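One structure is given below, encoded as structure tokens.
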Amino acid sequence: MNIFVAKLNFRTTSEQLQAHFETYGEVSSAKVIFDKVTQRSKGFGFVEMPDDNAAQEAIEGLNETEFDGRTIVVKKANPRND
DNA sequence: GTTGAGCGC
């Protein structure tokens, strides 16, 4: 299950994002989108969880909750163009 | 040494 996480703190990293979602289940991959030039966070990221059940629990459990001092938005990610 | 809706190289 791919998860879209928005309104992250601009200083939040991918490891922090993964560690945060791992509280609900196994996280296979987590990544915060950074700018290619400034290398600063774009304020959103993606989390991939192998268990769809844990992923759903994480979405409903972490959506609109405080993370790293910011209220984040968690929802299912759109299918990326292969 | 900033900002805050939106979907990743």
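No experiment lies behind these values; they were computed from the predicted model shown. All values below were derived from every heavy atom in this structure, side-chain atoms included, with hydrogens, water molecules and symmetry-related copies excluded.
Between the A:Thr23 side chain and the A:His20 main chain, a donor and an acceptor come within less than 3.5 Å of each other.
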For this session: Just do the side-chain contact (heavy atoms from CB on, under 4.5 Å) check on A:Asn63 and A:Lys75 with the steps written out, would you?
Result: CA-CA 7 Å; A:Asn63 185 29; A:Lys75 31 180 157 179; 6.0 Å; no

Seminar exercise, completed: 5' to 3', nucleotides 3-8 of chain B under a 4.0 Å protein heavy-atom cut-off (B base, S sugar-phosphate only, - none) gives BBBBBB

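Between A:Gln16 and A:Asp68 the shortest side-chain heavy-atom distance falls below 4.5 Å.
Hydrophobic cluster membership of A:Val47, counting Ile, Leu, Val, Met, Phe, Trp and Tyr whose side-chain heavy atoms lie under 4.5 Å apart directly or via other members: A:Met1, A:Ile3, A:Val5, A:Leu8, A:Leu17, A:Phe21, A:Tyr24, A:Val27, A:Val32, A:Phe34, A:Met49, A:Ile59, A:Leu62, A:Phe67, A:Ile72, A:Val74.
The minimum heavy-atom distance between A:Gly25 and A:Ala54, with the atom names listed, is CA-CB, 4.1 Å.
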